[in-house]
Protein chains: 2
Amino acid sequence: MPDAGPDGARDNNLDYGPLGQSLGFLLRLAQLRSFATFYKDMGALDIRPGEMTLLMVLAENPGVRQGILAKALRIKRAHMTKMVHGMEADGLIARTVPEGDKRSVELWLTEAGRARIDAVRPDFGRHEAKATGPLTQAEAAELRRLLRRYVGFDVPADAGCDGGGMR
Amino acid sequence: MPDAGPDGARDNNLDYGPLGQSLGFLLRLAQLRSFATFYKDMGALDIRPGEMTLLMVLAENPGVRQGILAKALRIKRAHMTKMVHGMEADGLIARTVPEGDKRSVELWLTEAGRARIDAVRPDFGRHEAKATGPLTQAEAAELRRLLRRYVGFDVPADAGCDGGGMR
DNA sequence: CGGATATTGTTTACGTGTGAACAATATCGA
DNA sequence: TCGATATTGTTCACACGTAAACAATATCCG
């Protein structure tokens, strides 16, 4: 077995084969590149993508319930608990228990949280503007449109959480 | 129905704000959906995306060096070590140290590994064919094309690891 | 040659995210 | 009303992936 047979692929160029057309594989690579770009552009501000997301969505939805937020961001409630506690410890967000339902928790930006997002927003804007890599602006716009459709943002009817339609 | 009132986004519909146009955020959601579909379609075969990827790429590149593989799949060598040792323990792949460079390791599919990939390939093909969610086939093809460009597969010249061009 | 430097895979410590079990609270139905 | 059931957030154990330090080997250059 150790013999290369049809001569092993010892060169530096690897053949992806059918994987190179796999949507899942391409999405994984794309996300890795996207995150790397984020850290390169925002690294100096010491902010993680998850924190950025939470701040932005809380700025738009003050008082949103923790579970709703987790569902919208597609992360599990267990993990949301950790993030929220961490950011509360950092003084960025506040948690309140509403009168109507003592199980739940509502989330709000603190003054420091609002200051934080105001501080990072410009850099995030610049990052987003140039985060299209080798794509033209038109291609980036089309990519965003297709991704929105793929994740179910712009699908016409219900399709709920798991449309799964294969058309 | 507590009625959200003027403040407090207590309803179940959350406003994503500018995040809804963020390429990074959309890519994250898309990858989550893609992986979920993978597990739904392939779950019965008890195979993870990483294992699938390794088997497929080793089928195309017998004898590839471990580090080359890690670089191509954009995972760190440390993690590659773990995966490879695990799959070797499962009898799916074999590791050989070449004469020319005793530091490196070459990877090969075992007979069991080839059997394994032959067993899962049909399901993977079916999965890929229908994994386009609400997208039409034409849209899915365009999405793949744009992702390939974004991750640098089809870029003409160098652009290396970090083209960063903003065009 | 032979010492400085680089590369390769491994180990260890750690961060991020999930699944399952759980306690507290809310809601539904006889 | 009150017992059964569902929901909400939390905790714990664990998978996945990374960063940094490391040992072994290879390469470069005086």
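In what follows, chains are A, B, ... by sequence order, proteins preceding strands, each numbered from 1. Worth saying up front: this structure is predicted, and the values here are computed from it rather than measured.
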>> Here's a test of your reading of the structure: between S104(B) and R103(A), which maps to the more 5' nucleotide of DNA chain C?
In response: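 Between the two, 5'-proximity favours S104(B).
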>> Nearest heavy atom decides the nucleotide; on that basis, is E99(A) or F35(A) closer to the 5' end of DNA chain C?
In response: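 By nearest-heavy-atom nucleotide position, the 5'-most residue is F35(A).
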>> Over 60° means perpendicular and under 30° means parallel, so tell me whether F38(B) and H127(B) are parallel, tilted or perpendicular.
In response: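 Perpendicular, since the angle between the ring planes exceeds 60°.
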Check whether any side-chain N or O of [X] sits under 3.5 Å from a backbone N or O of [Y] as a donor-acceptor pair, and report yes or no.
X	Y	value
Y16(B)	A72(A)	yes
Q31(A)	G24(B)	no
T37(B)	A131(B)	no

> Mind checking which nucleotides bracket the chain B contacts on DNA chain D, 5' to 3', with an atom under 4.0 Å from a heavy atom?
Replying inline: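 Listed 5' to 3', the contact boundaries are dC16(D) to dA26(D).
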> With D154(A), which of R149(A), R145(A), R148(A) fulfils salt bridge (Lys or Arg N to Asp or Glu O under 4.0 Å)?
Replying inline: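 For D154(A), the salt bridge (Lys or Arg N to Asp or Glu O under 4.0 Å) check succeeds only for R148(A).
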> When we call it a touch if two heavy atoms are under 4.0 Å apart, what does G100(A) touch: a base, just sugar-phosphate, or nothing?
Replying inline: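 Here G100(A) touches the backbone only, sparing every base.
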> Shortest non-hydrogen contact from Y39(A) to I47(A)?
Replying inline: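 So the two residues come closest at CE2-O, 4.3 Å.
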> If you measure from the Lys or Arg side-chain nitrogens to the Asp or Glu carboxylate oxygens, is any gap between R95(A) and E88(A) under 4.0 Å?
Replying inline: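 Answer for the salt bridge query: yes.
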Show each protein N/O and nucleotides 10-16 of chain C N/O combination with a separation under 3.5 Å, one pair to a line.
residue, atom, partner, partner atom, Å
dT10(C), OP1, H85(B), NE2, 2.8
dT10(C), OP1, R95(B), NH1, 2.7
dT10(C), OP1, R95(B), NH2, 3.4
dT10(C), OP2, Q66(B), NE2, 2.7
dT10(C), OP2, T81(B), OG1, 2.8

>> Please compare L32(A) and D101(A) by the position of their nearest nucleotide in DNA chain D and report the one closer to 5'.
In response: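 First, find each residue's nearest nucleotide; the 5'-ward one identifies D101(A).
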>> Does anything in residues 113-125 of chain A form a salt bridge (charged side-chain N to carboxylate O under 4.0 Å, His left out)? List the pairs, not counting sequence neighbours.
In response: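 The answer is E51(A)-R116(A), E111(A)-R114(A), D118(A)-R121(A), D123(A)-R126(A).
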